[in-house]
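Note that the numbering runs from 1 along the sequence shown for the chain.
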Amino acid sequence: MPADLNWAIGGEAGDGIDSTGKIFAQALSRAGRHVFTSKDFASRIRGGYTAYKIRTSVEQVESVVDRLDILIALTERTIDENMNELHEGSVIIYDGERTTMQDVEIPEGMIGLDVPLKSLAEDAGGAIMRNIVALGAACEVTNFPIENLDESLDKRFKDKGQAIVENNKTAARLGQEYVQEECDYDADYDVETTDNDYVLLNGNEALGMGAIAAGCRFYSGYPITPATSIMEYLTGRLDSYGGKVVQAEDELAAINMALGAARAGARAMTATSGAGIDLMTETFGLVATSETPLVITDVQRSGPSTGMPTKQEQGDLNMALYGGHGEVPRFIVAPTSISECFWKTIEAFNLAEKYQTPVFLVSDLAMSVSEQTFPPETFDMDAVEIDRGKVVGADSISDWQNEKGQFQPHFPSADGVSPRTFPGTDGGAHMTTGLEHDELGRRTEDTDVRIEQVDKRQQKVDTAREEEDWDYREYGDPDADTLVISWGSNEGAMREALGFLDERGTDVRFISVPYIHPRPDLSEEIEAASEVIVVECNSTGQFADLLEHDTLTRVKRVNKYNGVRFKADELAAEIEAKLGEPTEVEAE
């Protein structure tokens, strides 16, 4: 396992937790260290516990673990919330002058550093900088060169003027100096720096970046946690590429605006979460029946109903698979890492246009808000390929016209994919309705045409199943008797869990699946294993149900649905506990 440092700051919503954590994460990244972050925040503007955790190493890190080395506690509750992760030698930085922190008792074996954060911040120019003072103290405790913090402070506050930047740098140094001169402690932390260059971004940023790279030129959405930051990322950026971001009045309008833009020839996308995806379901069928290419992103959160808007879950898989009345052909792509949010977004746009059907891009809260470092070449724009599908120009439009010279946008092609024209194409004028229609797009109730059109639309999925690569990724020991399967954001935690399991002498083959529909056939892999465990963040095991349906084989399940993502060491322990247990059918 990588030699890592685990740092966190915690307090109440409104205490600047997120911005402080981001500043330190950027400083570590700029110092050539790998970073993986996680956030715990309440669904309110002020009050309620919130925290920002950073795991950092000179080696790649892909998850969080149950250990905390440095904790900046702005409230007493912060210590209580993290007690199970603190250990002997953990350092707790707090402000004993704060009324609510005067009676704090540092657990035995841990190091408490009472630093007058507010007073030192006022000396630097304002109490609002108390968190920056704490960062300076953390730099001293970890032997992290404070100069690395300067670059992050420059980036964060440059728009507010150089005086503000300098005040924050002063605040950080006052925190560092106070610990140097006033604190007597014995902590063995040494944060090494390197000359490596990394990009730090979260899943929603990677998804937005992928949309731009894919040629998306229209985005419509309605603010909803945790999908909103996709719209925030694209706002302004998409304009510079000739695109447009529209904040709709609700999710119904958002998906229908995106549908209209796609019909007009633009690559279009909408994104939502929670109840927003429920509201969009009526339009799913219209997208598929009108054969319009559209990317619909669902950033999952805890449900049902309003649920826990700021907590993790993977409970929308069945909605993505079956949402909408009638039978709606679709593709479902589920990125398994932050970097894959970029590449799978590009793939989603290509699939949507090649097969003229809705593509669901399914992410989740943990991946959307977590930040991770990557080498810049991970996002190689020169490797991006755009496929706009069966677009017909004026030079070949006659091949798709009937004997009357009418364009046939729903022609029953053998592969299920009809020709497509952009508005304004000479000879390509046509109509389409959400009612069942013939090859010209005109309403019909003819039984033979109905069968022909339904079969044609369904054929797209079968064609894609044969033509596209729907394969999984594999890690661990390919010959192990124990097979673990997961989908979505669990990949990073599971990959690191393999290291813990290996240290304990447990060999595991791990398969990570980024495609839900179509999906790889895992029959042979499951048959070859003596133990099969499916890992996912929901209560019923929705992906496990699919695998059992596909393979007619019972599997074991590790389900987590308390609103918190899997941690690597926790996941290793859960898998070990499952080994040797009877499956459901055996228990019966």
State whether the number of non-hydrogen atoms from other residues, nucleotides or ligands found under 6.0 Å of F379 atom CZ is greater than 12.
yes
Quick one about R263 and T292 (side-chain donor to acceptor, distance below 3.5 Å, no hydrogens or angles considered), yes or no?
yes
Among N559, N490, N538, the one residue meeting side-chain hydrogen bond (donor to acceptor under 3.5 Å, both in side chains) with Q314
N490
Between S220 (side chain only) and T270 (backbone N and O only), is there a donor and an acceptor less than 3.5 Å apart?
no
Is it true that, when you exclude K390 itself, more than 12 heavy atoms of the residues, nucleotides or ligands shown sit nearer than 6.0 Å to its NZ?
yes
OH/Y241: more than 12 non-hydrogen atoms of other groups inside 6.0 Å
no
Using every non-hydrogen atom in the two residues, find where A271 and A227 come nearest and quote the distance to one decimal.
C-CB, 4.3 Å
Checking side chain to side chain donor-acceptor pair (under 3.5 Å) for the pair D438/T444: CA distance, chi angles, key distance, verdict?
CA-CA 6 Å; D438 60 17; T444 183; 5.8 Å; no
Does any part of the side chain of V299, heavy atoms only, come nearer than 4.5 Å to the side chain of M367, both counted from C-beta?
no
Do you see a donor-acceptor pair shorter than 3.5 Å between the side chains of T432 and H437?
no
Does the side chain of Y472 come under 3.5 Å of the side chain of E525 through a donor N or O and an acceptor N or O?
yes
Would you indicate whether Y222, at its atom OH, is surrounded by more than 12 heavy atoms from other residues, nucleotides or ligands within a distance under 6.0 Å?
no
Kindly say whether T551 contributes a backbone atom to a donor-acceptor pair with the side chain of T553 at under 3.5 angstrom?
yes
Have S523 and D521 got a donor and an acceptor in their side chains that come within less than 3.5 Å?
yes
Do R465 and H517 come close enough that some side-chain heavy atom pair is under 4.5 Å?
yes
Take F407 and W400 through the test ring-ring contact (aromatic ring centres under 6.0 Å, His included) and record every step on the way to the result.
CA-CA 6 Å; F407 179 64; W400 300 101; 8.0 Å; no
Supply the atom-to-atom distance Y475 OH to I511 CD1, rounded to the nearest 0.5 angstrom.
11.5 Å
Name of the residue among E548, E581, E536, E574 meeting salt bridge (Lys or Arg N to Asp or Glu O under 4.0 Å) with R557:
E548
How about D380: does its CG atom have over 12 heavy atoms from other parts shown lying under 6.0 Å from it?
yes
Check for a donor-acceptor pair, side chain of T336 on one end and backbone N or O of E491 on the other, with a separation under 3.5 Å.
no
Using a strict threshold of under 4.0 Å (side-chain N to carboxylate O), is an ion pair present between K311 and D40?
yes
For Y561, is there any backbone N or O sitting under 3.5 Å from a side-chain donor or acceptor partner on S539?
no
If you compare all heavy atoms of A268 against all heavy atoms of A258, which two are closest, and at what distance to 0.1 Å?
CB-O, 3.4 Å
Report the C-alpha distance between R519 and D550 in whole Å, list the side-chain angles of each, state the deciding distance to 0.1 Å, and finish with yes or no for salt bridge (Lys or Arg N to Asp or Glu O under 4.0 Å).
CA-CA 10 Å; R519 55 188 172 274; D550 291 347; 2.7 Å; yes
Rounded to the nearest 0.5 Å, what's the gap from CG on N204 to OG on S363? Could you check?
6.0 Å
Among T425, D399, I397, which one satisfies side-chain contact (heavy atoms from CB on, under 4.5 Å) with V392?
I397
List the steps, then state whether ring-ring contact (aromatic ring centres under 6.0 Å, His included) holds for F331 with F360.
CA-CA 6 Å; F331 299 126; F360 291 83; over 10 Å; no
Check whether any side-chain N or O of S305 sits under 3.5 Å from a backbone N or O of G307 as a donor-acceptor pair, and report yes or no.
no
Can you find a side-chain donor-acceptor pair between T463 and Q459 that sits under 3.5 Å?
yes
Tell me, yes or no, whether the heavy-atom count around E527 atom CD, taken from other residues, nucleotides or ligands under 6.0 Å, exceeds 12.
no
Is E313 salt-bridged to K560, going by a charged N under 4.0 Å from an acidic O?
no
More than 12 non-hydrogen atoms from neighbouring residues, nucleotides or ligands closer than 6.0 Å to CZ on R442, yes or no?
no
Check whether NZ of the Lys or CZ of the Arg R420 lies under 6.0 Å from the centre of the six-membered ring of F422 and within 45 degrees of that ring's axis.
no
Do E327 and Y322 have side-chain atoms, one donor and one acceptor, less than 3.5 Å apart?
no
If the threshold is 4.0 Å, N to carboxylate O, is there a salt bridge linking R565 and D364?
no
Between R443 and E445, is there a salt bridge with N-O shorter than 4.0 Å?
yes
Is any side-chain N of the basic residue among E291 and K456 closer than 4.0 Å to the acidic one's carboxylate O?
yes
Between E496 and K567, does any side-chain N to carboxylate O distance fall below 4.0 Å?
no
With the threshold set at 4.0 Å, does a side-chain nitrogen-carboxylate oxygen contact exist between E340 and R473?
yes
Could you tell me the separation between the OG atom of S368 and the CD atom of Q312, rounded to the nearest 0.5 Å?
8.0 Å
With a sphere of 6.0 Å drawn around CD of E531, does it hold more than 12 non-hydrogen atoms of other residues, nucleotides or ligands?
yes
